Every structure is written in structure tokens, then in C-alpha cells.
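As C-alpha cells, the structure follows; a few thoughts come after it.
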Amino acid sequence: MTGPPTHATPADAAQAEAVQLRLRRHVRLDDSGPAPGAPGTVAGVDVAYDDGRGVVAAAAVVLDAVTLDVVEEATAVGPVAFPYVPGLLAFRELPAVLDALGALHRTPDLVVCDGYGIAHPRGFGLASHLGVLTGLPAFGVAKNPFTFRHAPPAARRGAHTPLLDGDTEVGRALRTREGVKPVFVSPGHRTTLDSACAHTLALTPAHRLPETTRRADRLCRAALRAAA
DNA sequence: GCGACAG
DNA sequence: ATCTTGTCGC
């Protein structure tokens, strides 16, 4: 039997890796998600921690994909369920993020994550994991190149170079602001790299990071403070 | 064996 | 992620 995707927190790193290997075959990189520029909604999700108290706060902010106006916001607070281990970030962040997404009154057409999609040691980063569990189109925008190689893109906004895992392009270093350090985009689920990059440019009219992640970042920090 | 390592 | 002031610049 092909049982449903797991929600339970793995007991250790070995079990977590086994879950990733089992779930990754559900990843689909196609254009079944919204086309860049099309009307609809885009959600940004992010998480903030208070390691001292072992508390995590997540936020989901839904924007109008065309105007970038905020349509709805939701937060969730809970106990930290997993330590930070490079390659296993999803087990630390997703429980709270899924709660925040579940608290929304409407389902977004697309989700933007802080981190990576298929650019990952086992091809199953945060955005892919979230996409597979929710069934929603998702991609990741990371602030650092992780373990991947890339050449610096040209200085103008929109310039990009491949993010390489050996010889495979798993993502892209994308310049969202002229002369500013690029972001690192990778598809997660039900989207392509081209589409993810186009969406990222549409979400960055004024800053390096997408409006979705900027808003989710602010909101989850506020939720963490309020939880104190 | 020693680093490096999304958030 | 998080610990942290002022400061330069659009």
C-alpha cells in the first residue's frame, strides 16, 4: 500500500531521512500551478524561534498575486519538534507552518518558502516537503547558496546563473535588485524553475526578498513576542 | 579525520 | 535562526 504522507515527527535523523526518501517520489515539477502574472493568491510562510523556551511561531500571509495586497494572515505557536540539522529543516519548521496554513480561511494558489525545494541533499527540501504534504504548488527562495555552486549573475535585476549540484541545475541564483546579492530559487512542487523565478521577480518590486517572505517574517516574529 | 552546512 | 548600535544611503 502507498499510505498517506506522514505528519508525525521522526524520532531521529535516520528516520527523518527515510521519510524524505519515501515522500520525494510524490514531487511533480510541472506547470499545474498558477502562471506568473495570472490572477490569484500567493502565500508566504516563515518561522521564528525562542530556543531558550523551545517555542516556535509560524506565520502564513496570503497576498493578491497581482497587487501584492495582503488578503489574509494566520499564525500558529507550538513547541519546537526537531533540532536544526542541515538537510532536515522541514521537520523543524513544517509542523508549525502547516498549522498556520490550516488556520487560513482560504487556500492559497501557491506557497513561497524560506529555504529550498529540490535543491537539497536528497532532492526534497522544505518547499518540496510542504508541497507534497499539502498538495499545493510551492517553491523556495533562500538567502544562501547552501552547499551548491554558482557563478555570480550579472548586476542587473533579473540576471541569473544556474545553481549546480554537480552538473545538474537544481535552482538558480537570481538577482532581484540591481547590484544586490542574489537570492537562490528552486522549485518545490507543481512548478518549474522558470516559473518559480518569474514568480520571484513578480514578488520583488522593491526589495531583495519576496514580499511574501518579508511579510511572513515580520508576522511570525510578532507572534513569537506575543506568545511570551 | 576536518570542515561545510537552507533556517 | 539568534545575539546586537549606530550609520550610510535611497
Side-chain angles (χ1 to χ4, degrees), chain A residues 9 13 16-17 19-20 23-24 27 44-61 75-100 111-132 138-150 155 157 163-166 169-174 176-189 193 196 200 204-210 212-225 227-228:
Chain A
T9 297
E17 290 185 15
V19 170
Q20 292 180 326
L23 294 181
R24 70 179 179 184
V27 170
V45 294
D46 194 16
V47 174
Y49 301 94
D50 182 332
D51 279 308
R53 272 173 303 207
V55 175
V56 54
V61 179
T75 60
V77 176
V80 173
F82 205 82
Y84 171 66
V85 181
L88 300 179
L89 182 62
F91 298 97
R92 179 170 170 81
E93 306 213 330
L94 280 190
V97 166
L98 293 177
D99 283 347
V111 180
V112 182
C113 298
D114 262 22
Y116 282 111
I118 62 166
H120 178 274
R122 286 165 293 284
F124 196 67
L126 181 62
S128 295
H129 203 139
L130 184 151
V132 166
F139 66 90
V141 178
K143 298 180 282 296
N144 301 293
F146 201 8
T147 62
F148 306 104
R149 300 183 312 98
H150 70 93
R157 167 177 153 86
L163 190 64
L164 300 171
D165 182 356
E169 181 180 39
V170 291
R172 219 167 259 170
L174 176 66
T176 54
R177 285 200 70 184
E178 167 100 34
V180 174
K181 174 182 159 84
V183 295
F184 304 88
V185 180
S186 69
H189 185 56
L193 179 55
T200 299
T204 51
H207 300 277
R208 174 187 176 229
L209 298 178
T212 37
T213 65
R214 296 185 75 246
R215 292 215 135 96
D217 180 77
R218 274 199 315 153
L219 185 57
C220 68
R221 293 192 196 210
L224 185 61
R225 280 186 302 149

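A, B, ... follow the sequence lines: proteins, then strands. Residue 1 opens every chain. Predicted model, so just to flag it, every value in this text is computed and none were measured.
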- Rounded to whole Å, the CZ-C1' distance (A:F82 to C:dA1) equals 16 Å
- Considering only NZ, NE, NH1 and NH2 on the basic side and carboxylate oxygens on the acidic side, decide whether A:D114 and A:K143 come within less than 4.0 Å. yes
- Message: Using whole Å, what does the distance between atom P of nucleotide C:dA1 and atom CD of A:E93 come to?
- Response: 9 Å
- At what distance, to the nearest 0.5 angstrom, does CZ of A:R214 lie from OG1 of A:T212? 10.5 Å
- Taking only side-chain nitrogens and oxygens of A:Y84, does any of them come within less than 4.0 Å of OP1 or OP2 of B:dA6? yes
- Query: Of A:V112, A:D217, A:L130, A:T213, which meets side-chain contact (heavy atoms from CB on, under 4.5 Å) against A:V45?
  - Reply: A:L130
- Measure from CG on A:D165 to P on B:dA4 and round the result to the nearest Å. 20 Å
- Message: I need the CZ-C1' distance between A:F146 and B:dG3, as an integer number of Å.
- Response: 15 Å
- Out of B:dA6, C:dT2, B:dG7, minimum distance to the side chain of A:D46 belongs to B:dG7
- If one requires at least 3 consecutive Watson-Crick or G-U pairs with distances under 3.5 Å, the stems of DNA chain C turn out to be none
- Item | Close side-chain approach of A:Y84 and A:L89, heavy atoms under 4.5 Å | yes
- Please give, in whole Å, the distance from B:dC5 P to A:Y116 OH? 11 Å
- According to the 5.5 Å centroid and 30° plane-angle thresholds, does A:F184 stack upon the nucleobase of B:dA6? no
- Message: Please determine whether a side-chain nitrogen or oxygen atom of A:K143 lies at a distance below 4.0 Å from atom OP1 or OP2 of B:dA6.
- Response: no
- Note on the structure: Checking B:dG7, C:dA1, B:dA6 against the side chain of A:R221 (C-beta onward), the nearest is C:dA1
- Query: Just how far is it from atom CZ of A:F124 to atom CD of A:E17, taken to the nearest 0.5 Å?
  - Reply: 13.0 Å
- Query: Taking atom P of C:dC3 as reference, at what distance in whole Å does atom CZ of A:R225 sit?
  - Reply: 12 Å
- Please step through side-chain contact (heavy atoms from CB on, under 4.5 Å) for the pair A:N144 and A:K181, ending with a clear verdict. CA-CA 10 Å; A:N144 301 293; A:K181 174 182 159 84; 4.1 Å; yes
- Base, sugar-phosphate, or nothing for A:L88, non-hydrogen atoms under 4.0 angstrom? base
- Query: Any side-chain heavy atom of A:Y116 within less than 4.5 Å of one from A:F146?
  - Reply: yes
- Message: The side chain of A:T147 is closest to which nucleotide in this list: B:dC5, B:dG7, B:dA6?
- Response: B:dC5
- Item | Side-chain N,O (A:N144) to OP1/OP2 (B:dC5) below 4.0 Å | no
- Query: Under 3.5 Å, side chain of A:R24 to main-chain N/O of A:R122, donor-acceptor pair present?
  - Reply: yes
- Message: Using a 4.0 Å heavy-atom cut-off, does A:A48 contact any base of the nucleic acid, only the sugar-phosphate backbone, or nothing at all?
- Response: sugar-phosphate
- Message: Rounded to whole Å, please give me the gap between CZ in A:R218 and P in C:dA1.
- Response: 16 Å
- Item | Distance, rounded to the nearest Å, where A:K181 contributes NZ and B:dA6 contributes P | 11 Å
- Task: Quick one: label A:G87 by what it contacts on the DNA or RNA (base, sugar-phosphate, nothing), any heavy atom closer than 4.0 Å.
- Result: base
